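Below: one structure in C-alpha coordinates.
So you know, we letter chains A, B, ... as the sequences are listed, proteins then strands, and number each from 1. Remember, predicted model here, so these are calculated numbers, not experimental data.
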Amino acid sequence: EAGVVQSPRYKIIEKKQPVAFWCNPISGHNTLYWYLQNLGQGPELLIRYENEEAVDDSQLPKDRFSAERLKGVDSTLKIQPAELGDSAVYLCASSPGTNGNEQFFGPGTRLTVL
Amino acid sequence: AQSVTQLDSQVPVFEEAPVELRCNYSSSVSVYLFWYVQYPNQGLQLLLKYLSGSTLVKGINGFEAEFNKSQTSFHLRKPSVHISDTAEYFCAVSETGGFKTIFGAGTRLFVKA
(Lines give C-alpha, C1' and ligand atoms only; values in the text may rest on other atoms or scores of the structure.)
Protein backbone atom coordinates (compact mmCIF):
# COMPACT_ATOMS: atom_id res chain seq x y z
CA GLU A 1 0.00 0.00 0.00
CA ALA A 2 1.38 3.39 -0.95
CA GLY A 3 2.01 5.84 1.87
CA VAL A 4 1.30 9.54 2.01
CA VAL A 5 2.91 11.24 -0.96
CA GLN A 6 4.15 14.82 -0.86
CA SER A 7 5.76 16.97 -3.49
CA PRO A 8 8.06 18.66 -3.91
CA ARG A 9 10.45 17.32 -1.29
CA TYR A 10 12.50 20.50 -1.31
CA LYS A 11 11.71 24.04 -2.40
CA ILE A 12 13.85 27.17 -2.35
CA ILE A 13 12.22 30.50 -3.15
CA GLU A 14 12.82 34.20 -2.74
CA LYS A 15 10.75 36.03 -0.17
CA LYS A 16 7.48 37.50 -1.44
CA GLN A 17 7.15 34.69 -4.01
CA PRO A 18 4.25 32.23 -3.92
CA VAL A 19 4.73 28.52 -3.23
CA ALA A 20 2.47 25.49 -3.25
CA PHE A 21 2.78 22.05 -1.71
CA TRP A 22 0.84 18.97 -2.76
CA CYS A 23 -0.25 15.97 -0.74
CA ASN A 24 -1.88 12.69 -1.73
CA PRO A 25 -3.11 10.79 1.35
CA ILE A 26 -3.46 7.05 1.79
CA SER A 27 -6.41 5.75 -0.17
CA GLY A 28 -9.57 5.66 1.91
CA HIS A 29 -8.33 8.02 4.59
CA ASN A 30 -10.98 10.66 5.15
CA THR A 31 -8.95 12.85 7.48
CA LEU A 32 -6.06 14.91 6.18
CA TYR A 33 -3.75 17.16 8.20
CA TRP A 34 -1.20 19.80 7.29
CA TYR A 35 1.47 20.45 9.91
CA LEU A 36 4.30 22.94 10.21
CA GLN A 37 7.53 21.64 11.74
CA ASN A 38 10.22 24.13 12.68
CA LEU A 39 13.75 22.95 13.28
CA GLY A 40 14.04 21.21 16.64
CA GLN A 41 10.30 21.32 17.26
CA GLY A 42 7.35 18.99 17.02
CA PRO A 43 4.69 19.30 14.33
CA GLU A 44 2.10 22.05 14.80
CA LEU A 45 -1.29 21.69 13.18
CA LEU A 46 -2.15 24.17 10.45
CA ILE A 47 -5.39 22.66 9.17
CA ARG A 48 -7.42 19.45 9.38
CA TYR A 49 -9.84 18.21 6.74
CA GLU A 50 -12.65 15.71 7.07
CA ASN A 51 -13.23 14.73 3.46
CA GLU A 52 -13.40 18.08 1.63
CA GLU A 53 -14.41 20.15 4.66
CA ALA A 54 -11.83 22.11 6.67
CA VAL A 55 -12.97 21.36 10.22
CA ASP A 56 -10.06 22.98 12.08
CA ASP A 57 -8.14 25.84 10.49
CA SER A 58 -7.77 27.93 13.62
CA GLN A 59 -3.95 27.87 13.41
CA LEU A 60 -3.71 28.66 9.71
CA PRO A 61 -2.43 32.23 9.08
CA LYS A 62 -5.16 33.10 6.66
CA ASP A 63 -3.60 36.34 5.47
CA ARG A 64 -1.00 34.43 3.49
CA PHE A 65 -1.81 30.72 3.77
CA SER A 66 -4.59 28.87 2.00
CA ALA A 67 -5.44 25.23 1.51
CA GLU A 68 -7.90 23.18 -0.45
CA ARG A 69 -9.06 19.59 -0.75
CA LEU A 70 -11.61 19.93 -3.49
CA LYS A 71 -12.59 16.30 -4.09
CA GLY A 72 -11.82 15.06 -0.62
CA VAL A 73 -8.70 13.24 -1.74
CA ASP A 74 -5.49 15.14 -2.46
CA SER A 75 -4.77 18.55 -1.04
CA THR A 76 -2.76 21.67 -1.79
CA LEU A 77 -1.29 24.13 0.70
CA LYS A 78 -0.28 27.53 -0.62
CA ILE A 79 1.68 30.44 0.77
CA GLN A 80 1.44 33.82 -0.92
CA PRO A 81 3.59 35.77 -0.36
CA ALA A 82 6.23 33.77 1.45
CA GLU A 83 8.23 35.35 4.26
CA LEU A 84 11.62 34.43 5.68
CA GLY A 85 9.96 32.99 8.79
CA ASP A 86 8.04 30.47 6.70
CA SER A 87 11.19 28.41 6.24
CA ALA A 88 10.30 25.05 7.77
CA VAL A 89 9.18 21.53 6.92
CA TYR A 90 5.54 21.18 5.91
CA LEU A 91 4.16 17.76 6.77
CA CYS A 92 1.02 16.16 5.47
CA ALA A 93 -0.64 13.30 7.36
CA SER A 94 -3.78 11.24 6.94
CA SER A 95 -5.84 8.91 9.08
CA PRO A 96 -8.96 6.78 8.67
CA GLY A 97 -10.78 9.41 10.68
CA THR A 98 -11.61 7.46 13.79
CA ASN A 99 -10.58 9.14 17.00
CA GLY A 100 -7.53 7.49 18.50
CA ASN A 101 -6.21 6.23 15.18
CA GLU A 102 -2.62 6.83 14.28
CA GLN A 103 -1.72 9.44 11.73
CA PHE A 104 0.34 8.40 8.74
CA PHE A 105 2.85 11.05 7.74
CA GLY A 106 4.40 11.91 4.44
CA PRO A 107 8.11 12.75 4.16
CA GLY A 108 7.43 16.48 4.19
CA THR A 109 8.42 19.41 2.03
CA ARG A 110 11.40 21.40 3.25
CA LEU A 111 10.86 25.06 2.36
CA THR A 112 13.70 27.55 2.37
CA VAL A 113 12.80 31.22 1.88
CA LEU A 114 15.74 33.45 0.95
CA ALA B 1 -6.21 22.66 26.70
CA GLN B 2 -3.57 20.02 26.55
CA SER B 3 0.20 20.26 26.57
CA VAL B 4 3.11 17.89 26.27
CA THR B 5 6.55 18.27 27.81
CA GLN B 6 9.46 16.11 26.75
CA LEU B 7 11.92 16.53 29.53
CA ASP B 8 15.10 15.85 27.58
CA SER B 9 15.98 17.49 24.28
CA GLN B 10 18.87 15.09 23.66
CA VAL B 11 19.75 11.68 25.05
CA PRO B 12 23.12 10.16 24.17
CA VAL B 13 23.50 6.49 25.02
CA PHE B 14 25.87 3.66 24.16
CA GLU B 15 24.75 0.78 21.99
CA GLU B 16 23.10 -2.09 23.90
CA ALA B 17 22.43 0.15 26.92
CA PRO B 18 18.87 0.75 28.17
CA VAL B 19 17.18 4.06 27.51
CA GLU B 20 14.20 6.00 28.83
CA LEU B 21 12.73 9.03 27.08
CA ARG B 22 10.52 11.04 29.37
CA CYS B 23 7.17 12.59 28.56
CA ASN B 24 4.72 14.43 30.78
CA TYR B 25 1.37 15.76 29.67
CA SER B 26 -1.27 18.10 30.97
CA SER B 27 -4.98 17.76 30.31
CA SER B 28 -8.24 18.34 32.14
CA VAL B 29 -9.92 15.40 30.40
CA SER B 30 -9.01 11.84 29.56
CA VAL B 31 -6.48 11.42 26.78
CA TYR B 32 -4.96 9.15 24.22
CA LEU B 33 -1.16 9.05 24.17
CA PHE B 34 1.27 8.32 21.36
CA TRP B 35 4.97 8.01 20.65
CA TYR B 36 6.21 8.67 17.13
CA VAL B 37 9.72 8.30 15.68
CA GLN B 38 11.20 10.47 12.93
CA TYR B 39 14.29 9.36 11.05
CA PRO B 40 16.29 11.99 9.12
CA ASN B 41 14.46 13.41 6.14
CA GLN B 42 11.41 11.26 6.77
CA GLY B 43 7.95 11.76 8.17
CA LEU B 44 6.83 10.58 11.59
CA GLN B 45 6.04 6.91 12.17
CA LEU B 46 3.96 5.53 15.02
CA LEU B 47 5.89 3.52 17.62
CA LEU B 48 3.02 2.81 20.00
CA LYS B 49 -0.16 4.25 21.44
CA TYR B 50 -2.23 4.10 24.59
CA LEU B 51 -5.99 4.28 24.19
CA SER B 52 -7.27 2.32 27.20
CA GLY B 53 -6.71 -0.89 29.13
CA SER B 54 -3.28 -2.07 30.21
CA THR B 55 -1.03 0.80 31.17
CA LEU B 56 2.03 -0.97 29.74
CA VAL B 57 2.02 -0.65 25.99
CA LYS B 58 4.37 -2.49 23.67
CA GLY B 59 5.29 -1.08 20.29
CA ILE B 60 7.49 -1.74 17.32
CA ASN B 61 11.26 -2.14 17.37
CA GLY B 62 11.28 -3.37 20.98
CA PHE B 63 9.99 -0.14 22.50
CA GLU B 64 7.44 0.04 25.29
CA ALA B 65 5.81 2.80 27.30
CA GLU B 66 3.93 3.02 30.56
CA PHE B 67 0.96 5.27 31.16
CA ASN B 68 0.96 6.70 34.68
CA LYS B 69 -2.22 8.66 35.26
CA SER B 70 -1.30 9.92 38.72
CA GLN B 71 1.99 11.34 37.45
CA THR B 72 0.56 12.30 34.06
CA SER B 73 3.50 10.62 32.38
CA PHE B 74 4.04 8.34 29.41
CA HIS B 75 7.73 7.47 29.38
CA LEU B 76 9.22 5.45 26.52
CA ARG B 77 11.72 2.69 27.25
CA LYS B 78 13.90 0.18 25.46
CA PRO B 79 16.07 -2.33 27.31
CA SER B 80 18.86 -2.43 24.70
CA VAL B 81 19.28 0.15 21.96
CA HIS B 82 20.87 -0.21 18.54
CA ILE B 83 22.70 2.27 16.36
CA SER B 84 19.65 2.24 14.09
CA ASP B 85 17.50 3.67 16.90
CA THR B 86 19.22 7.03 16.43
CA ALA B 87 16.33 9.36 15.57
CA GLU B 88 13.97 12.03 16.91
CA TYR B 89 11.19 10.79 19.17
CA PHE B 90 7.95 12.69 19.70
CA CYS B 91 5.39 12.21 22.43
CA ALA B 92 1.85 13.27 21.53
CA VAL B 93 -1.52 13.59 23.25
CA SER B 94 -5.09 13.96 22.06
CA GLU B 95 -8.33 14.22 23.99
CA THR B 96 -10.59 11.18 23.88
CA GLY B 97 -13.52 12.27 21.74
CA GLY B 98 -11.40 14.88 19.97
CA PHE B 99 -9.20 14.88 16.91
CA LYS B 100 -6.53 17.45 17.65
CA THR B 101 -3.15 15.97 18.51
CA ILE B 102 -0.53 18.01 20.38
CA PHE B 103 3.09 17.02 19.88
CA GLY B 104 6.00 17.56 22.22
CA ALA B 105 9.17 19.29 21.07
CA GLY B 106 10.94 15.99 20.57
CA THR B 107 13.88 14.12 22.08
CA ARG B 108 16.88 13.35 19.95
CA LEU B 109 18.21 9.88 20.77
CA PHE B 110 21.81 9.42 19.74
CA VAL B 111 23.17 5.89 20.02
CA LYS B 112 26.94 5.63 20.11
CA ALA B 113 29.03 2.57 19.25
### Query
Should B:Val19 and B:Phe90 be counted in the same cluster of Ile, Leu, Val, Met, Phe, Trp and Tyr side chains packed under 4.5 Å apart?
no
### Query
Would A:Ile12 end up clustered with A:Leu77 when hydrophobic side chains under 4.5 Å apart are linked, directly or stepwise?
no
### Query
Is the shortest heavy-atom distance from the side chain of A:Arg9 to the side chain of B:Asn41 under 4.5 Å?
yes
### Task
Could you please state which residues from residues 79-89 of chain A sit under 4.5 angstrom from chain B, measuring non-hydrogen atom to non-hydrogen atom, sorted by number, or 'none'?
none
### Query
Does A:Leu39 CG have over 12 foreign heavy atoms under 6.0 Å away?
no
### Query
Same cluster or not: are A:Tyr90 and A:Val4 linked, directly or through other Ile, Leu, Val, Met, Phe, Trp or Tyr residues, by side-chain heavy atoms under 4.5 angstrom apart?
no
### Task
For A:Tyr35 and B:Leu44, run side chain to side chain contact (heavy atoms under 4.5 Å, CB included): C-alpha distance rounded to whole Å, both residues' side-chain angles, the deciding distance at 0.1 Å, then the answer.
CA-CA 11 Å; A:Tyr35 287 94; B:Leu44 281 70; over 6 Å; no
### Task
Could you tell me whether B:Lys69 atom NZ has more than 12 heavy atoms of other residues or ligands within 6.0 Å of it?
no
### Any side-chain donor near an acceptor of the partner, B:Gln38 and A:Gln37, under 3.5 Å
yes
### Query
Yes or no on side chain to side chain contact (heavy atoms under 4.5 Å, CB included) for A:Glu102 and B:Tyr36, after CA distance, side-chain angles and deciding distance?
CA-CA 9 Å; A:Glu102 73 176 278; B:Tyr36 285 84; 4.0 Å; yes
### Task
Report, by ascending residue number, the residues of residues 105-113 of chain A in heavy-atom contact with chain B at a distance under 4.5 Å; give 'none' if the set is empty.
A:Phe105, A:Gly106, A:Pro107, A:Arg110
### Message
Using the rule that Ile, Leu, Val, Met, Phe, Trp and Tyr join whenever any side-chain heavy atoms are under 4.5 Å apart, tell me whether A:Leu91 and A:Tyr33 fall into a single cluster.
### Response
yes
### Query
Under 4.5 Å, heavy atom to heavy atom, which residues of residues 41-48 of chain A contact chain B?
A:Gln41, A:Gly42, A:Pro43, A:Leu45, A:Arg48
### Query
Do B:Ile102 and B:Leu47 share a hydrophobic cluster (ILVMFWY, side-chain heavy atoms under 4.5 Å, transitive)?
yes
## Note on the structure
Residues of residues 4-16 of chain B with a heavy atom under 4.5 Å from any heavy atom of chain A, in residue-number order, are none
### Task
Give a yes or no on whether B:Lys58 atom NZ has more than 12 heavy-atom contacts from other residues, nucleotides or ligands under 6.0 Å away.
no
